[in-house]
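All heavy atoms count here, side chains included; hydrogens, waters and symmetry mates do not. For clarity, every value in this text was computed on a predicted model and none was experimentally measured.
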Amino acid sequence: MASSIADHNFGSAKRLLNAKDYSRVFDDPDARASHRNLLLLAKHNDRTGHRLGLVIAKKHVRLAVDRNRIKRLAREFFRTQPSTESPMDVVLLARGGVGKLDNAELSSILQLQWQKLVRHTTKTEPGTSQDS
RNA sequence: CGAGUCGGUCAGACGAUCGCUUCCUGGCAGCGUUUACGUGGUUCGGGGGGAGGAAAGUCCGGGCUCCAUAGGGCAGAGUGCCAGGUAACGCCUGGGGGGCGAGAGCCUACGGAAAGUGCAACAGAAAGGAUACCGCCUGGUUCGCCAGGUAAGGGUGAAAAGGUGCGGUAAGAGCGCACCGCGCGGCUGGCAACAGGCGUGGCGAUGGUAAACCCCACUCGGAGCAAGACCAAAUAGGAAUCCGUUAGCUGUGGCCCGCAGUGGAUUCGGGUAGGUCGCUACAGGCAGGUGGUGACACCUGUCGCAGAUGAAUGAUCGUCCACGACAGAACCCGGCUUAUCGACCGACUCACUAA
């Protein structure tokens, strides 16, 4: 419990693992952060930390090398984020043009969108709005 | 040194910190239990491995798996000079023919048009068992032209029915001769493709196109790891309607035969899309030897070289330089094709200078 600040690993507990996990986020997201190159969806979970899922469609990023690069960068970013008091399941969707960004640009975009997402979720009060 | 041809190798390097995955190993929870011990994990250490020459396009060929022991015929598809290599190929090697280049070399779907069918705009006199516009020659003539001979010359066209030369002739013509080309028949060399002589036919019949239909020869059963197997669970079981009962239906794409199985179709309602295996050790890499012109084969030694599954192989910083291209495994191999910043090695050709 009480996932520590120095917890920077990224095992299977930190990832969305099957279709159920994904559709839970898609069907009723608590928060969203949109950018012209990507979209973040989030839903509170009852676990000890954030979990990340990635949807990088071939339609939006043509080359496999770029798709892998985006996934790695996104994982790296979420790995290094400190866990907040309200853990979430987050899904990152790629949009067109992400493949053209370099690593530094992508990182700064992720930083910005993540902050937006955190503000959103703290506003919508994690404890009470458990179900609708 | 300059220009070029062919073959091969590499695919930024080093360090620090933080991660991912897999294997080995040690500790520590948990579980089984007679202390031993076994098992074992969203746990903590230590150590090892972790994308490519194209991983790509999915264009061929295999292995493997299932369908039915994959058997006969049709249809369909593919291949197409010869001989080897190989598990196999549309690949590779060697050879032959043709073409390009000064050369090293490179390119080449390269079987059949005297089985048949089709196609060829325009131009042109005539385009396939053709034809005579101008011209040339002979004869006649009312001097306008007419009859006949001819295919050398002009003109048209992508292509005009052997070519060049000499003889010949009224002018011409394989009409005759020489050489070349072509057809046919021996001979010699070669496993063969084919090459080289020799003889023969005057060549009024063999024009082109077969990545047009077609003919001939040879090859091919189908589907793919979401193949397929197993585990707890599930496919169960149920209701309604319609069709059928020596048939029909099902069985990987077509049809017929053969073979195997069996009532079938639709709708309603219900349930699954968890885990393990397949999954990486091999037509395997490297070194040496033997045989072969070579592709390659055989022998000996040695090495262990990714196995993910919402999908690992990365991020940041520092230093250096020739400032880093194309690009990411998904069952596995052999090829082909396409993309690609550059660096290096070997063999060879041409030109120039020097010796």
Distance-only donor-acceptor test, A/R69 side-chain atoms vs B/G328 base atoms, 3.5 Å
no
Paired nucleotide for [N] [Watson-Crick or G-U wobble; both distances under 3.5 Å]:
N: B/U69; result: none
N: B/C145; result: B/G140
N: B/A205; result: none
N: B/A308; result: none
N: B/G52; result: B/C326
N: B/G248; result: B/U262
N: B/U150; result: B/G135
N: B/U349; result: B/A3

For B/A54, does the glycosidic angle fall within 90° of 0 (syn) or outside that (anti)?
anti
As a test of the definition: with a 90° window around 0 for syn, would you call B/G124 syn or anti?
anti
Could you check which of [options] has an atom nearest any side-chain atom of [X]?
X: A/R75; options: B/A329, B/A51, B/A311; answer: B/A311
X: A/N103; options: B/G328, B/U316, B/G310; answer: B/U316
X: A/V65; options: B/G328, B/A315, B/G310; answer: B/G328

What is the distance from [atom1] of [X] to [atom2] of [N], rounded to the nearest Å?
X: A/I70; N: B/A315; atom1: CD1; atom2: P; value: 13 Å
X: A/K71; N: B/U309; atom1: NZ; atom2: P; value: 12 Å
X: A/R72; N: B/A311; atom1: CZ; atom2: C1'; value: 11 Å
X: A/Q111; N: B/U316; atom1: CD; atom2: P; value: 14 Å
X: A/L106; N: B/G314; atom1: CG; atom2: P; value: 17 Å
X: A/I56; N: B/G310; atom1: CD1; atom2: C1'; value: 11 Å

What are the two closest heavy atoms between [X] and [Y], and how far apart are they?
X: A/L52; Y: A/A74; value: CD2-O, 4.1 Å
X: A/G99; Y: A/R69; value: O-NH2, 3.1 Å
X: A/L73; Y: A/N103; value: CD2-O, 3.5 Å

Judged by each residue's nearest nucleotide on RNA chain B, which is more toward the 5′ side, A/K58 or A/R67?
A/K58
Let me spell it out: for each of A/N68 and A/E76, pick the nucleotide of RNA chain B with the closest heavy atom. Which residue's pick is nearer the 5' end?
A/E76
When you compare the side chain of A/L54 with that of A/R75, does any pair of heavy atoms fall below 4.5 Å?
yes
Is there a donor-acceptor pair closer than 3.5 Å between any side-chain N or O of A/Q113 and the backbone N or O of A/L110?
no
